[in-house]
Visitor: 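This structure is in structure tokens; I'll ask about it shortly.
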Amino acid sequence: MSGTPARTTDAATTAEVVCLGESMVTFLPSQPGRLADVPSFGRGIGGAESNVACALAAAGHRTAWVSRVGADGFGDHLVEAIAGYGVDTSGVRRDPSRPTGIYFRTATDRATDVHEVAYYRAGSAASAMSPRNIPYETLPATRVLHLSGITAALSADCLDLLHDLTAPRPGRPLISFDVNHRPGLWRDAGASPEVLLEPARRSDLVFVGEDEAEEAWGVTGAEAIRAALPEPSVLVVKRGAEGATVFSGTGDVTTVPALRVDVVAPVGAGDAFAAGFLSATLRDLPVRDRVRHGHLMAAAALTVPGDLTVPPARAHADSLAALDDDAWGRLRLGPGWTGDDQEVRTT
């Protein structure tokens, strides 16, 4: 299948995946309810690109995270926590005059009307990223460069950086782009999410949800999304409970049903899905198994309270991804299913 990253000559020192984007300290509610009613919050980390880097590192891949954080305690926490997953953070720069971003969120599903997120990221260190302070030439050598549309919404400089990183150039790595449309960010961005079409069209592998495409671009349905994005060699359209449909440059179309999951917290699934799909791509697995590994990694995130979790062991995930269609359809995953001594349920 097209979209498999080329292998580099220095596999011992090269990051398999470099993820670039803002991460923030996130404050997780101690109980459900409005932000006004939650009495206390626990501290965690949140950032689409660093979530992917951490999940891939936990799955055994060499990853690096590139960003900017403030020269403050929250910046210290982010760098230390992400490095704790085994991610190379040497490409993170400290900004002495801008703070690290933070945000608070409720426990409800991001897609529901009652979900609340309070961002304190305006003027953050990461919002000052640009081609001037993170030039393409300084990025670590890699097989895959993973980006997201969140970066484009942070500032005009960040949008310029995204355009620079997705520009065609000789020898560039596979560009993986998660549209990651966040309506709340675009209200203050001074631009329209339609600008995300250009970097998506210039990328090799694109992840986008049907709901995102409709809200950001007014495009409805997987086939219409492919018509709007004909250039990527691999387009992954996430369709919620219906699963995911993959369009390849060869014209092949593959749909893989989603798993049934006993959800603990409906956050982090999109980033985990991207990590699972990328992991299987790096291993040159068939497209069906790439999607199944995405679903399995998403299920691991959905069955824990936070954005990040330890993924299933590779042998465990491989055995589940190899199930026949009937057995796959009967799986039901709940809390603790990723443990080596846990059995998964079928119905």
Side-chain angles (χ1 to χ4, degrees), residues 1-22 47-50 52-53 56 61-68 87-93 126-180 191 193-208 226 228-236 246-250 274-275 277-279 281-282 284 290:
M1 177 185 176
S2 59
T4 298
R7 295 191 179 277
T8 56
T9 55
D10 189 5
T13 58
T14 300
E16 292 179 277
V17 182
V18 171
C19 300
L20 181 147
E22 181 174 34
E49 300 85 0
S50 62
V52 172
L56 282 167
H61 297 282
R62 297 184 306 278
T63 66
W65 171 53
V66 175
S67 190
R68 291 173 67 85
V87 176
D88 178 0
T89 58
S90 61
V92 179
R93 297 292 176 258
S127 72
M129 292 188 296
S130 76
R132 297 180 298 279
N133 54 38
I134 304 185
Y136 175 87
E137 293 74 16
T138 66
L139 297 181
T142 188
R143 294 175 63 190
V144 178
L145 174 60
H146 181 71
L147 309 166
S148 107
I150 292 173
T151 299
L154 299 181
S155 67
D157 281 343
C158 283
L159 178 58
D160 288 344
L161 176 61
L162 196 62
H163 285 156
D164 182 62
L165 296 177
T166 57
R169 49 170 52 91
R172 80 173 193 179
L174 183 146
I175 303 296
S176 168
F177 181 69
D178 191 336
V179 171
N180 242 327
E194 288 185 2
V195 301
L196 296 177
L197 280 169
E198 183 178 351
R201 288 170 174 157
R202 293 163 64 171
S203 299
D204 304 297
L205 166 59
V206 174
F207 300 95
V208 62
R226 182 52 164 174
L229 296 172
E231 297 88 354
S233 55
V234 179
L235 172 65
V236 183
V246 180
F247 297 86
S248 75
T250 60
F277 191 97
L278 283 169
S279 175
T281 298
L282 290 164
D284 296 333
R290 298 183 193 194

Visitor: Under 3.5 Å, is there a donor-acceptor pair between the side chain of T142 and the main chain of E16?
Guide: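 Flag set: sc T142 to bb E16 pair under 3.5 Å.
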Visitor: From R143 CZ over to T14 OG1, what is the distance, rounded to the nearest 0.5 angstrom?
Guide: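 Answer rounded to 0.5 Å: 10.0 Å.
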Visitor: If a pair satisfies side chain to side chain donor-acceptor pair (under 3.5 Å) and one of its residues is in residues 159-169, list it, with sequence neighbours excluded.
Guide: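 Those involving residues 159-169 do not exist here.
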Visitor: Which heavy atom of V18 sits nearest to which heavy atom of A15, and what is that distance?
Guide: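 Heavy atoms of V18 and A15 come nearest at CG2-CB, 4.1 Å.
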Visitor: Are side-chain heavy atoms of L139 and L165 found at a separation under 4.5 Å?
Guide: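 Heavy-atom side-chain distance check passes, below 4.5 Å.
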Visitor: To the nearest 0.5 angstrom, please state how far the OG atom of S50 sits from the CG atom of L20.
Guide: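 S50 atom OG to L20 atom CG measures 11.0 Å (nearest 0.5 Å).
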Visitor: Keeping the roles fixed (side chain from T138, backbone from I134), state whether a donor-acceptor pair exists under 3.5 Å.
Guide: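 Between the backbone of I134 and the side chain of T138 there is no qualifying donor-acceptor contact (under 3.5 Å).
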Visitor: With the side chain counted from C-beta on, respond yes when V52 and T63 share a heavy-atom pair under 4.5 Å apart, and no when they do not.
Guide: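 No, their side chains stay 4.5 Å or more apart.
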Visitor: Under 3.5 Å, is there a donor-acceptor pair between the side chain of R201 and the main chain of A228?
Guide: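 Yes, because the side chain of R201 sits within donor-acceptor range (under 3.5 Å) of the backbone of A228.
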Visitor: Kindly give the heavy-atom pair with the smallest separation between P140 and A64, and that separation in Å.
Guide: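 Minimum heavy-atom contact is CG-CB, 4.4 Å.
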Visitor: Got a second to check how far S130's OG is from L154's CG, nearest 0.5 Å?
Guide: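 The OG atom of S130 sits 12.5 Å away from the CG atom of L154.
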Visitor: Where is the tightest heavy-atom contact between G21 and S67, given as atom of each residue plus distance?
Guide: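 Heavy-atom minimum between the residues: O-OG, 2.9 Å.
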Visitor: Would you name the heavy atoms of L162 and A152 that are closest together and state the gap between them?
Guide: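 Looks like CD2-CB, 3.7 Å.
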Visitor: Which atoms form the tightest heavy-atom contact between A53 and V87, and what is the distance?
Guide: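 Nearest heavy atoms, A53 then V87: O-CG2, 3.6 Å.
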Visitor: Report the residues that fulfil side-chain hydrogen bond (donor to acceptor under 3.5 Å, both in side chains) with R202, sequence neighbours left out, ordered by chain and then residue number.
Guide: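 Checked R202 against side-chain hydrogen bond (donor to acceptor under 3.5 Å, both in side chains); matches are E198.
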Visitor: List the atom of F177, the atom of A200, and the distance in Å for their closest heavy-atom pair.
Guide: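 Here F177 and A200 meet closest at CD2-CA, 3.7 Å.
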Visitor: Using modelled atom types and a 3.5 Å cut-off, is there a donor and acceptor pairing between side-chain atoms of S279 and backbone atoms of L56?
Guide: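 Absent.
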Visitor: State, yes or no, whether a side-chain contact exists between R172 and D204 at a heavy-atom distance under 4.5 Å.
Guide: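 R172 reaches D204 side chain to side chain.
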Visitor: Tabulate below the donor-acceptor pairs under 3.5 Å that side-chain atoms of residues 144-151 make, not counting sequence neighbours, or state none.
Guide:
from: H146; atom 1: ND1; to: S176; atom 2: OG; distance (Å): 2.8
from: S148; atom 1: OG; to: E49; atom 2: OE2; distance (Å): 2.7
from: S148; atom 1: OG; to: I150; atom 2: N; distance (Å): 3.1

Visitor: Name all residues meeting the salt bridge (charged side-chain N to carboxylate O under 4.0 Å, His left out) criterion together with R226; count only those two or more places apart in sequence or in a different chain, and write none if there are none.
Guide: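 Counting only residues at least two positions away or on another chain, R226 forms no salt bridge (charged side-chain N to carboxylate O under 4.0 Å, His left out).
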Visitor: Under the side-chain contact (heavy atoms from CB on, under 4.5 Å) criterion, do F247 and L229 qualify, and how do the steps go?
Guide: CA-CA 10 Å; F247 297 86; L229 296 172; over 6 Å; no
Visitor: Does R132 have any side-chain hydrogen bond (donor to acceptor under 3.5 Å, both in side chains) partners at least two apart in sequence or in another chain, and if so, which?
Guide: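 For R132 the side-chain hydrogen bond (donor to acceptor under 3.5 Å, both in side chains) partners, ignoring immediate neighbours, are D157.
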Visitor: Using the side-chain hydrogen bond (donor to acceptor under 3.5 Å, both in side chains) criterion, which residues pair with N180? Sequence neighbours excluded.
Guide: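 Expected list: R182.
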